[in-house]
**Student:** 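Please read through the structure below; I'll follow up with questions.
Along the sequence shown, the residues carry numbers beginning at 1. Just so you know, ligand 1 is whichever comes first in the structure, and atom 1 is the first atom listed for that ligand.
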Amino acid sequence: VVISGEKVHIWRAWLDQPDRALIRAASLLSPVELEHARRGSDVVFRRRVFAHAALREVLGRCLDVPPHAVRLTRGRFGKPRLAQFHQGRERLHFNVSRSGDTCLIAVAANDVGIDVERPDGRGIDLDAFATRFFAPDERAALQQVTGRRKLLTFFRLWTLKEAFVKALGGGLNIPLHAFAVSSSSERPRLTTYRDGDVNAWTLASPPIEDRFIAAVALRRSPDSEGLSFVVRDVEPSRQAPGFRARRTGGTPSR
Ligand SMILES: CC(C)(COP(=O)(O)OP(=O)(O)OC[C@H]1O[C@@H](n2cnc3c(N)ncnc32)[C@H](O)[C@@H]1OP(=O)(O)O)[C@@H](O)C(=O)NCCC(=O)NCCS
């Protein structure tokens, strides 16, 4: 797979796989990854193992090495990245998000963040949440809609915000009031950013499946003509090839 330009490659993996697949998936992980996966319940452990196995399948494909040979490390706030060992491939950026049994992996030639959520308003007071975490423009956008549209607007804004802080690498350590996003369906975008240039980032809400809302954020290159994406499936417990083209939002490339 050639990773270049403004294209975000998104791989989708299903994380509720049988026991026999778990053994193979776990065998691909490093001891540190396995230890990290053990934090949490049994279900979370399994899903984390499958997510990281899928990540290794994908990165192995991009680097042209077997999945177990991919060496990973984490940034200061926990964002996984390639280890020094893969020096020279620093243009390979990636990020992972999980929601329930689904995992999305974004790979791009620049800083990238991805978030996927299943819109479910049960137990959340959307307005109270927005008051606490959203910027004034985002709260105003939410106040203009009601019912299901409100729920969807909330999750569109939230996934865009999370994708952005994940692209920056700080995650939720970055104050969510320090920037604002617009979730307009034609062109989601960063509208204000206290600590940087809004034009340095491109946002998108790729359609993944009706059950989910997803967002990606990509650091823009100076000659950018806009972000496109390609979505594929990856099986987390199978060695390469294991890739099937699924849906394209740009020109597919392998
Ligand atoms: C990253 C974060 C926003 C994830 O939110 P979430 O919606 O619960 O989870 P998602 O499924 O979307 O993403 C989780 C994945 O994002 C990646 N991730 C972790 N920290 C990240 C960061 N700071 N920036 C970007 N991505 C990060 C990881 O791959 C993680 O999965 P893994 O831990 O199993 O490898 C949130 O957990 C966070 O802010 N973490 C920072 C924690 C921190 O400061 N840690 C201190 C040093 S380790």
Side-chain angles (χ1 to χ4, degrees), residues 8 10-17 22 25-26 28-59 67 70-83 92-108 110-120 123-124 129 132-134 154-179 181 195-196 201 203-206 208-209 211-219 234 236:
V8 180
I10 299 172
W11 276 272
R12 189 169 67 161
W14 307 113
L15 304 178
D16 287 346
Q17 303 276 341
L22 182 66
L28 298 177
L29 271 54
S30 71
V32 173
E33 270 171 305
L34 275 174
E35 191 53 43
H36 177 78
R38 279 201 191 93
R39 297 185 213 157
S41 68
D42 215 35
V43 176
V44 170
F45 167 73
R46 293 179 70 105
R47 289 176 172 170
R48 276 214 175 108
V49 168
F50 283 122
H52 273 247
L55 175 65
R56 285 174 164 278
E57 294 276 359
V58 165
L59 295 177
V70 174
R71 296 205 195 166
L72 297 169
T73 181
R74 286 185 189 256
R76 182 171 158 221
F77 296 108
K79 183 175 183 175
R81 56 178 163 82
L82 289 177
L92 192 67
H93 296 260
F94 62 91
N95 196 224
V96 181
S97 183
R98 288 181 288 108
S99 177
D101 65 347
T102 298
C103 168
L104 297 183
I105 298 164
V107 182
N110 222 330
D111 290 324
V112 68
I114 191 161
D115 189 48
V116 59
E117 304 281 347
R118 197 167 174 168
D120 179 354
I124 313 181
F129 194 94
R132 188 145 173 230
F133 297 111
F134 282 11
F154 175 88
F155 276 97
R156 270 189 214 112
L157 291 166
W158 177 250
T159 52
L160 288 164
K161 285 180 89 66
E162 267 223 44
F164 181 58
V165 295
K166 292 180 77 182
L168 289 169
L172 295 173
N173 295 287
I174 292 170
L176 295 172
H177 283 107
F179 66 95
V181 297
D195 302 321
W201 296 91
L203 308 185
S205 299
I208 297 300
E209 201 199 300
R211 284 190 297 154
F212 296 105
I213 291 186
V216 289
L218 178 71
R219 191 188 289 274
V234 53

**Student:** Check R76 against ligand 1 and report side chain, backbone, both or neither, counting heavy atoms closer than 4.0 Å.
**Tutor:**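 It is the backbone that gets close, since no side chain atom is under 4.0 Å.
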**Student:** Atoms of ligand 1 less than 4.0 Å from H36 heavy atoms?
**Tutor:**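 So the atoms of ligand 1 that pass are 32 (P), 33 (O), 34 (O).
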**Student:** Looking at side-chain heavy atoms only, is the closest gap between D195 and I174 below 4.5 Å?
**Tutor:**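 No, side chains not in contact.
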**Student:** Suppose we measure from atom 11 (O) of ligand 1 to each protein heavy atom; which comes out shortest, and what is that distance?
**Tutor:**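 Its nearest protein heavy-atom neighbour is R98 N, 2.8 Å.
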**Student:** Return the orientation label for the H52 and H36 ring planes: parallel under 30°, perpendicular over 60°, tilted otherwise.
**Tutor:**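 Rings of H52 and H36: tilted, 30 to 60°.
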**Student:** I need the nearest protein heavy-atom contact for atom 13 (O) of ligand 1: residue, atom name and distance, please.
**Tutor:**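 Going atom by atom, the protein heavy atom closest to atom 13 (O) of ligand 1 ends up being K166 NZ, 2.8 Å.
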**Student:** Side-chain contact test, heavy atoms from C-beta onward, threshold under 4.5 Å: evaluate it for E209 versus T102 and give yes or no.
**Tutor:**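 Answer no - side chains too far apart.
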**Student:** For L55 and L72, work out which heavy atoms get closest and say how close.
**Tutor:**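 Smallest interatomic distance, heavy atoms only, reads CD2-CD1, 4.1 Å.
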**Student:** Atoms of ligand 1 less than 4.0 Å from G169 heavy atoms?
**Tutor:**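 Listed by number with element, the hits are 22 (C), 23 (N), 24 (N).
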**Student:** Could you label the plane-to-plane angle of the F129 and F154 rings as parallel, tilted or perpendicular, counting under 30° as parallel and over 60° as perpendicular?
**Tutor:**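 F129 vs F154 ring planes: perpendicular.
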**Student:** Taking the non-hydrogen atoms of G113, is any one of them nearer than 4.0 angstrom to ligand 1?
**Tutor:**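 It does not, in that no heavy atom of G113 comes within the 4.0 Å cut-off of ligand 1.
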**Student:** So, regarding F77 and ligand 1 (criterion: nitrogen or oxygen to nitrogen or oxygen, under 3.5 Å), is there a contact or not?
**Tutor:**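 Yes - when backbone and side-chain N and O of F77 are compared with those of ligand 1, one distance drops under 3.5 Å.
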**Student:** Which residue owns the protein heavy atom closest to atom 2 (C) of ligand 1, what's the atom, and how far is it?
**Tutor:**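 In this structure, atom 2 (C) of ligand 1 has E162 OE1, 4.4 Å as its nearest protein heavy atom.
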**Student:** With a 4.0 Å heavy-atom cut-off (strictly under), which part of L172 contacts ligand 1: side chain, backbone, both or neither?
**Tutor:**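 Both the backbone and the side chain of L172 come within reach of ligand 1.
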**Student:** As a check for students: among N95, V112, V96, identify the option with a heavy atom nearest to atom 15 (C) of ligand 1.
**Tutor:**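 Result: the heavy atom closest to atom 15 (C) of ligand 1 is in V96.
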**Student:** State, with a plain yes or no, whether a side-chain heavy atom of H177 is found less than 4.5 Å away from one of F133.
**Tutor:**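 Sidechains of F133 and H177: no contact.
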**Student:** Just need the protein heavy atom nearest to atom 29 (O) of ligand 1, so name the residue and atom and give the distance.
**Tutor:**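 For this ligand atom, the closest protein heavy atom is P80 CG, 3.2 Å.
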**Student:** Consider ligand 1: state whether an atom of it lies below 4.0 angstrom from any non-hydrogen atom of E33.
**Tutor:**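 E33 does not count as a contact of ligand 1 under the 4.0 Å cut-off.
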**Student:** Closer than 4.0 Å to some heavy atom of D115 - which atoms of ligand 1 meet that?
**Tutor:**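 Atoms satisfying the 4.0 Å criterion: 7 (O), 12 (O).
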**Student:** Protein non-hydrogen atoms only, distance under 4.0 Å: does atom 9 (O) of ligand 1 have such a neighbour?
**Tutor:**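 Answer no: nothing from the protein, no heavy atom, is under 4.0 Å.
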**Student:** To the nearest 0.5 Å, what is the distance between CD1 (I10) and CG (L104)?
**Tutor:**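 Here the interatomic distance stands at 6.5 Å.
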**Student:** Can you tell me which residue and heavy atom of the protein come closest to atom 44 (O) of ligand 1, and the distance to 0.1 Å?
**Tutor:**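 Result for atom 44 (O) of ligand 1: N173 ND2, 2.7 Å.
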**Student:** May I ask you to test the L92-V107 pair for a side-chain heavy-atom distance under 4.5 Å?
**Tutor:**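 A side-chain contact under 4.5 Å exists here.
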**Student:** Give the minimum heavy-atom separation between F94 and L82, together with the two atoms involved.
**Tutor:**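 For F94 and L82, the tightest heavy-atom pair comes out as CE2-N, 3.7 Å.
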**Student:** CZ of R132 to CG of L176: how many Å apart, nearest 0.5 Å?
**Tutor:**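 Going from the CZ atom of R132 to the CG atom of L176 covers 10.5 Å.
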**Student:** Can you tell me which portion of S97 lies within the under-4.0 Å heavy-atom range of ligand 1? Options are side chain, backbone, both, or neither.
**Tutor:**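 Both parts.
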**Student:** Between the main-chain N or O of L22 and the side-chain N or O of R46, is there a donor-acceptor pair closer than 3.5 Å?
**Tutor:**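 No, the answer is negative, given that no donor and acceptor are paired below the 3.5 Å cut-off.
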**Student:** Once you restrict to heavy atoms under 4.0 Å, what part of V116 touches ligand 1? Side chain, backbone, both or neither.
**Tutor:**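 Neither part.
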**Student:** Where's the contact between K79 and ligand 1, heavy-atom distance under 4.0 Å: side chain, backbone, both or neither?
**Tutor:**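 Under 4.0 Å from ligand 1, K79 contributes backbone and side-chain atoms.
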**Student:** Taking only heavy atoms of G170, which atoms of ligand 1 are found under 4.0 Å from at least one of them?
**Tutor:**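 Listed by number with element: 23 (N).
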**Student:** Between A214 and P206, which heavy-atom pair has the shortest distance, and what is it?
**Tutor:**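 So the two residues come closest at O-CD, 3.7 Å.
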**Student:** Is the shortest distance from atom 31 (O) of ligand 1 to a protein heavy atom below 4.0 Å?
**Tutor:**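 Within 4.0 Å of atom 31 (O) of ligand 1, no protein heavy atoms are found.
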**Student:** I need the minimum non-hydrogen distance between A217 and A167, along with the two atoms involved.
**Tutor:**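 For A217 versus A167, the nearest heavy atoms are O-CB, 3.8 Å.
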**Student:** Between D16 and R47 (salt bridge meaning N to carboxylate O under 4.0 Å), is one present in this structure?
**Tutor:**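 Yes, D16 and R47 are salt-bridged.
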**Student:** Looking only at protein heavy atoms, identify the closest one to atom 35 (O) of ligand 1 and say how far it is in Å.
**Tutor:**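 Answer, as residue, atom name and distance: H52 NE2, 2.6 Å.
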**Student:** Return yes when at least one protein heavy atom is under 4.0 Å from atom 19 (C) of ligand 1, and no when none is.
**Tutor:**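 Yes, there is a protein heavy atom closer to it than 4.0 Å.
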**Student:** Tell me, which protein residue and heavy-atom name are nearest atom 34 (O) of ligand 1, and how many Å apart are they?
**Tutor:**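 Sorting protein heavy atoms by distance from atom 34 (O) of ligand 1 puts R48 NE, 3.3 Å first.
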**Student:** Does some non-hydrogen atom of A51 fall short of 4.0 Å from ligand 1?
**Tutor:**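 Distance cut 4.0 Å: A51 fails for ligand 1.
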